[in-house]
Amino acid sequence: MSAATTIALVIGSLREESINRKFAEYIVSQLPESVTVNEVNIADLPLYNQDYDGTTIESYERVRQQIKDADAVLMVTPEHNRTMPAALKNVIDIGSRPYGSSVWTDKKVAVVTASPGTYGGRSSGLDVRKSMQMLSAKMMISPEVYLSHATDSLNEGGVSSERTQKFLQKFASELAKFAENSGV
Ligand code: FNR
């Protein structure tokens, strides 16, 4: 594993007590020390407007640069009304423009979803994959992670279910390889 592997972490929930943040924290804790994780703050991003192309918006430049600099991007996100949250779609749109300068082209991207519900936020994860495919990103194919009944796997200390821990450890190991491997 090269010492320089960097993962940009995007959490699709803006909520302070986000369950997705708790799963993201667990995944990050399971990555090898050689991987550096930088969180991309999406809470302060103005809603994307094509009229802003050609102007400089500091927060847009910040997130575009963070994504550009990363070997891979990990998105950990809830599902809102059967798709990805607006805040996550916003950073995807911001990164995709101005036309011809997308930061997503050939970018390695992995997605994890979690929900207290039965479907684990799968529609959200699949919609992220759909957008990323259109943007010519390189999606991590497997393992697919859609954590259903996700609150059952958590306690005050974080991820408490041994089964979920094992699954996320396997995911973290595959993610590190995916981020590191320049041939992907
Ligand atoms: C939800 N939630 C939800 N859950 C789901 O599995 N499918 C869905 O379509 C939706 N839709 C939805 C819309 C909106 C506006 C909200 C606020 C919530 C429930 C959601 O999974 C739950 O609130 C999670 O706790 C959200 O994740 P975070 O914010 O805790 O990480």
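Indexing begins at 1, ligand by ligand and atom by atom, following the structure's order. Just so it is clear, the model here is predicted, and its values are computed rather than measured.
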- Query: Which value, rounded to the nearest 0.5 Å, describes the distance between N90 atom CG and L47 atom CG?
  - Reply: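 Here the rounded value is 5.0 Å.
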- Item | Shell of residues surrounding ligand 1, defined by a 4.0 angstrom heavy-atom cut-off that is strict |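 Near ligand 1, by chain and number: S13, R15, S18, I19, N20, P78, E79, H80, N81, R82, S115, P116.
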Is there a donor-acceptor pair under 3.5 Å between the side chain of [X] and the backbone N or O of [Y]?
{"X": "D71", "Y": "T6", "answer": "yes"}
{"X": "Q169", "Y": "Q30", "answer": "no"}
{"X": "R64", "Y": "I94", "answer": "yes"}

- Could you tell me whether E58 and R62 have a side-chain N and a carboxylate O separated by less than 4.0 Å?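 No salt bridge links E58 with R62.
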- Task: State, to 0.1 Å, how close N41 and Q66 come at their nearest heavy-atom pair, and which atoms those are.
- Result: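 Smallest interatomic distance, heavy atoms only, reads N-OE1, 4.3 Å.
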